[in-house]
2 protein chains.
Amino acid sequence: MAAAREPRRDLAAMLVPLGRALTAAELPLLAEHGLSMWAYAVLLRLEAEPLRSQAALAESIGADKTRIIEVLTALESRGLISRTPDPADRRVRLLALTPEGSRVRDAAQSAIQSREDRLLAHYLPPTQRTPFLTALATLSALPPESLTDPDL
Amino acid sequence: MAAAREPRRDLAAMLVPLGRALTAAELPLLAEHGLSMWAYAVLLRLEAEPLRSQAALAESIGADKTRIIEVLTALESRGLISRTPDPADRRVRLLALTPEGSRVRDAAQSAIQSREDRLLAHYLPPTQRTPFLTALATLSALPPESLTDPDL
DNA sequence: GCTTATCGTCTGCCCGCGCATATCATCTGT
DNA sequence: ACAGATGATATGCGCGGGCAGACGATAAGC
């Protein structure tokens, strides 16, 4: 038997439902800005500095590149992103956030994070909030292969 | 503009991919014990003391009651759970973990949590681990409606 | 005894996701 | 100049999850 440890629930058993609930809480806030979750993920990922290639964008946000096409088309048509052929290789698209896109992204994120701040303030003591967020930021920044490494 | 806050990512944006990666990391460990994720969720939820009704079980683990039937049938046929009509109301099934079910559940959970302990030890400083787990336990214990409360 | 409701089981449907394939335009290497 | 590869786009398919409805057995209330 492994060394005794304090009884606790599995990390995934705690993280998955929590993530799902917080995602559900985001949806109405995003809807207020006319955004789907995928659209919001795109806005979070892009910046004024152009990102090279839709395939790279899809990969970095965990989306299917064939499914992201219409999300980008809708965002572009609303003027929230720009999508231009790379002069160096006209197969490739350069993607960038527009000022309007920054504004919408910031407004949505502000609403979401204000709500999250109130949630954390309501349910966690101050001494736990910063370590919790720091640890969560650390773990979520790890590449997935570090997290699923079988030799860990 | 809301009061300035330290820049951070949205909670869901950190929690969802982390939960997904840790779920993926669990799958091979569960497979070693012949368990699917739903089967494991059932074993985690049940105990020697019978739980009254399959519908209640399904609801408490977030499963579709019509989909859980075959999971229970497979677990019962392996002798990991018992499933008996309630003498007080023979429509209802009483569900309980068997000693063998406890053993398999404990072995799987031990493998999972040992791995999680190593992950946390590897990537988080000691001062962050306990507050992180405590906060996570607190938040994940909240009913979903507290987390999605629009008036928060 | 009859009506209504509930539990468990089975089946169907829809949707989103993941993956695959095909096509066109474009690029690279020979 | 040509063959092969790549990026973007469109489409199809299978699977899992969520939900609904139907059915048989059982229970509760009148």
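Residue numbers begin at 1 in each chain, while the letters A, B, ... track the order of the sequences. Values in this document were obtained by computation on a predicted structure and should not be read as measured data.
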Which one, [options], comes nearest to the side chain of [X]?
| X | options | value |
| --- | --- | --- |
| Thr66(B) | dA20(D), dC27(C), dA10(D) | dA20(D) |
| Arg91(B) | dC10(C), dC19(C), dT26(D) | dT26(D) |
| Gln54(A) | dA8(D), dA25(D), dC27(C) | dA8(D) |

What is the distance, to the nearest angstrom, from the [atom1] atom on [X] to the [atom2] atom on [N]?
| X | N | atom1 | atom2 | result |
| --- | --- | --- | --- | --- |
| Asp86(B) | dA25(D) | CG | C1' | 15 Å |
| Ile69(B) | dT9(C) | CD1 | P | 4 Å |
| Lys65(B) | dG17(D) | NZ | P | 16 Å |
| Arg90(A) | dT28(C) | CZ | C1' | 14 Å |

Any [X] side-chain N or O less than 4.0 Å from OP1/OP2 of [N]:
| X | N | answer |
| --- | --- | --- |
| Arg52(A) | dT6(D) | no |
| Arg67(A) | dA8(D) | no |
| Trp38(B) | dG16(D) | no |

Looking for any heavy atom pair under 4.0 Å, which part of the strands does [X] touch: base, sugar-phosphate only, or nothing?
| X | answer |
| --- | --- |
| Arg83(A) | sugar-phosphate |
| Ser53(B) | sugar-phosphate |
| Asp64(A) | base |

Does this structure show an ion pair linking Arg8(A) with Asp117(B), if we count only N-O contacts that are shorter than 4.0 Å? yes

Ionic contact status for Lys65(B) with Glu59(B), cut-off 4.0 Å: no

Any non-hydrogen side-chain atom of Ile61(B) less than 4.5 Å from a side-chain atom of Ile68(B)?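 The answer is yes, as the side chains (C-beta and beyond) meet within the 4.5 Å cut-off.
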
Interatomic distance, CG@Asp64(A) vs CH2@Trp38(A), rounded to 0.5 Å, equals 9.0 Å

First of Val92(B) and Glu70(B) reached from the 5' end of DNA chain C, by closest nucleotide: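 Checking each residue's closest nucleotide, the 5'-ward one belongs to Val92(B).
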
Salt bridge (charged side-chain N to carboxylate O under 4.0 Å, His left out) partner of Asp86(B), chosen from Arg52(B), Arg93(B), Arg91(B):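 Filter result, single survivor: Arg52(B).
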
Need to verify one output field. Residue with the more 5' nearest nucleotide on DNA chain D, Leu94(A) or Arg20(A)? Leu94(A)

